[in-house]
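Everything below concerns the one structure shown next.
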Amino acid sequence: MKSLKKALLIAASLGAMAGAAHAQTTIDTSKAIRVAMVPKLIGLSVFKANEQGAMAASKRLNINFLYTGPVTASAQGQVDIINSLTARRFNAITVTSNNPTELAPSLERAMAKGIAVVSYDSDVAPDARDFFIQDTAYPAMGKALVDSVEASTGPNAQVAILSSTPDATIQNAWLEAVKTYMAATYPNMKVVTTQYGQSSPSQSLSAGLNILHAYPLVTAIIAPDGAAEVGAAAAIEKLGLTGKVFTDGTSDPNSIRQYVKDGVIKASPLWDEVGEGKLVMYVARLAANHALKPNDTFTVPGLGTYKVNDKVIIFSEPLIFTAANIDKYQF
Amino acid sequence: MKSLMFGGAWDRALAIILIVLFAGFCVFTPGFYNGLQGTLAITEEFLPFGFVALGLSVVILTGGIDLSVGSISGLSAVIMAILVKSYGVDIFLAVLVAVAVGGALGWVNGLIITRLRVEPLIATLATNFIYSSVAVALAGASPPYGFGAQFGVLGTGAVAGWIPVQLLIFVVMAIGFSVLMTRTGFGRRIVMIGYNRDAAHYAGVSVAAVERRAYAISGLTAAFAGIILASYYDAVRPDMGDILLLTSITMVVLGGISIFGGEGGILGVTLAVLILGVLRQGMLIAGFSDMVTTMLTGAILLSSIAIKNLFSSRGFDLGSALRRFTTLRRPADTIAKP
């Protein structure tokens, strides 16, 4: 009996593997489809890196690719664009949202018209998309951000937080993870203030200066936002505190390259934005083909195998930029 | 009454532009004509700008400006949402309260301008900062959302299955504003103040009182626009009104209202709202990027002010220069003078 069971199990798992293999080899690309990528705003280098990867992948996947977004980081601007894409009958819309709630009604209308919706980076309300590609698992990001502080200034650091806006979904999720991991791992490390730079370089710089003036004991600024990390690093250099105060955050390598080399930033986690753009297109193609289930596995050539867990796909572990490796990444 | 005739020509030109644009998009842009209902539903995406533009027209007609309309609409919407979500107030009562708050905030603008004698530009810029900070503080880390289907009718519903509720409200409000500005003493006083403040004062018009009411009206319509946005998006955000200001000013100016005040009417503004809205949505559906449509909005603002100034008696006065030029060639006129 036992051996029979075993044999059945093996057969079943072989079948599952064969099924998985089947799914990966036959991404149906016979019919050209139109897929749009809607970033939070156009002209930001991290999103351009997504576009770069998406463009490369769309050629292989027989996708007519369109990159379009609002001029400012406004959810209403995104809604206007999503509505126009719906009217133009795109096959799939991929979006990283400025906020989770305002986009939902327009994406739901798109889905009702049979358009596949894939969110990436910053999620929308779960009912308003078919799949969500999370950059990295939130706890992993929180750990990377805190570990970098510990490595730079020790386990008793007084930490300031410089985020984007009070209601930014992804920043809040990371900061939640930061606080959880910090409390559990380095009980003597504490967050003394949280400030906001509105994702604007100049406002982030002045918020960074405020922090350094008002809290002279702060030795590290966690800035989980592209503009905020640059603003914090610029503030540290401006006040001549290089080597005494450190910052880390989630910025693209091009923006922080100089600060990493100057030593203001020791280790800064992000992920491979170009690779993520590729994955977004693969998921869009699969979703438009109705070839992906809410719980599933699939393989992307050159990137690896991904698990879909309740419609959520985690892209990768954090990729940590240091002075040693940052020149390998040009985006 | 030359300016009135000119106003009529401006409105006619706008009406023709609107018809050409609309027909052009229907014919040449696949996806724009989507059945009568589908095409009319496009108006839902820009009429909030129109509500703001109506109230803003009144302020600009007095020769003033209201830069706080965006923050008033954001703050009012946030107040409405908090009343509903945290205090369990009936949603339509909360709407009334929020619109009243908007009117009060506009009234405060008026008080600052008339009592403290602060330039409207500076006064409303300052209150814009204040109101938007209050809105951010009230909204907190997770602004409320999800107000139910009944409330959603305001922003996305349709009467008899095809006339969008927003469009119906807008038409009724536009007619109301038009009557207010042309058929009531209040409306005439507004135009008079804008045309010549001193003359209005010496004619016995209480300039300050009329101005305060104008800013209150602008606050009311801004708050109403915020409510409509909240209904359309089924969510509120403290910064949701930020995009309203510039487009609304463009609509008012394109509508033929002089930025110096005293000239222009509501019909033109109504047409301008529809033109800019149809143009933007049509271009987006035609596949132009947001960058192009935003640039075009700027270009339209510039050229409409320039054209208006060229022909206005208070600008370069090209209009009367042309008239003079044409009359010069009529010998009878010159001979008649002693």
Side-chain angles (χ1 to χ4, degrees), chain A residues 34 36-43 64 66-90 97-109 113 124-125 127-128 163-169 171-173 175-176 194 196 198-200, chain B residues 25 29-34 38-39 41-42 44-46 48-49 81 136-147 149 152 155-156 229-244 246-247 277 280-295 297-298:
Chain A
R34 297 199 296 164
M37 180 174 239
V38 184
K40 291 184 188 181
L41 73 166
I42 45 181
N64 284 323
L66 176 71
Y67 181 75
T68 180
V71 184
T72 57
S74 107
Q76 282 117 316
Q78 289 186 300
V79 168
D80 269 355
I81 285 162
I82 290 162
N83 287 337
S84 71
L85 295 170
T86 308
R88 292 161 70 189
R89 307 279 154 137
F90 267 65
S97 69
N98 281 304
N99 72 63
T101 49
E102 274 183 280
L103 262 64
S106 68
L107 288 174
E108 279 164 10
R109 277 197 293 276
K113 295 210 164 155
V124 295
D127 290 343
S163 185
S164 54
T165 57
D167 63 344
T169 327
Q171 271 77 18
N172 284 346
L175 290 176
E176 198 55 45
T194 301
Y196 301 97
Q198 313 295 333
S199 283
S200 137
Chain B
F25 279 126
T29 306
F32 185 85
Y33 184 76
N34 187 11
T39 306
I42 290 175
E44 289 170 357
E45 287 155 38
F46 62 80
F49 295 98
V136 171
L138 284 179
S142 51
Y145 65 96
F147 305 113
T156 56
L229 284 176
S231 164
Y232 181 80
Y233 293 112
D234 199 23
V236 298
R237 294 252 316 165
D239 61 355
M240 70 195 304
D242 287 5
I243 52 162
L244 294 172
L246 295 179
T247 307
R280 181 176 153 75
Q281 298 304 327
M283 284 187 63
L284 284 172
I285 293 175
F288 289 96
S289 81
D290 190 35
M291 218 158 28
V292 178
T293 58
T294 309
M295 251 189 273
T297 309

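Any value given below was found using the heavy atoms of this structure, including those in side chains, with hydrogens, waters and symmetry copies removed. Letters A, B, ... are given to chains in the order of the sequence lines, protein chains preceding strands, and every chain is numbered from 1.
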Self-check item: Side-chain heavy atoms of A/Q76 within contact of B/L229, under 4.5 Å
Solution: yes
Quiz item: Is the closest side-chain heavy-atom distance between B/Y233 and A/L103 below 4.5 Å?
Solution: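 No - every pair of side-chain heavy atoms lies 4.5 Å or more apart.
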Self-check item: Among B/G38, B/A141, B/A235, B/G31, residue most engaged with chain A (heavy-atom pairs, under 4.5 Å)
Solution: B/A141
[atom1]-[atom2] distance between [X] and [Y], expressed to the nearest 0.5 angstrom:
X	Y	atom1	atom2	answer
B/D239	A/Q198	CG	CD	8.5 Å
A/R89	B/N34	CZ	CG	6.0 Å
A/R88	B/F32	CZ	CZ	14.0 Å
A/L85	B/L284	CG	CG	8.5 Å
B/M240	A/S74	CE	OG	10.5 Å
A/L41	B/M291	CG	CE	11.0 Å

Quiz item: Among A/T72, A/N99, A/I81, which residue forms the greatest number of heavy-atom pairs with chain B at distances under 4.5 Å?
Solution: A/N99
Quiz item: What residue in A/V79, A/N83, A/T68 has the most heavy-atom pairs under 4.5 Å with chain B?
Solution: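 Highest number of pairs under 4.5 Å: A/N83.
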Closest contact, heavy atoms only, [X] versus [Y]:
X	Y	answer
A/S84	B/I285	CB-N, 3.7 Å
B/D290	A/P70	OD2-CA, 3.0 Å
B/G140	A/P166	O-CB, 4.4 Å

Exercise. Could you look at A/D80 and say if it's the side chain, the backbone, both or neither that has a heavy atom under 4.5 Å from chain B?
Key: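 Both parts, backbone and side chain.
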Quiz prompt | chain B contact via A/I42 - side chain, backbone, both or neither, heavy atoms under 4.5 Å | solution =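 Only the side chain of A/I42 comes within 4.5 Å of chain B.
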Quiz prompt | Under 4.5 Å from any heavy atom of chain A - which part of B/F46 | solution =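 Looking at B/F46, nothing touches chain A.
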Quiz item: Crowded around B/F25 CZ? As in, over 12 foreign heavy atoms under 6.0 Å?
Solution: yes
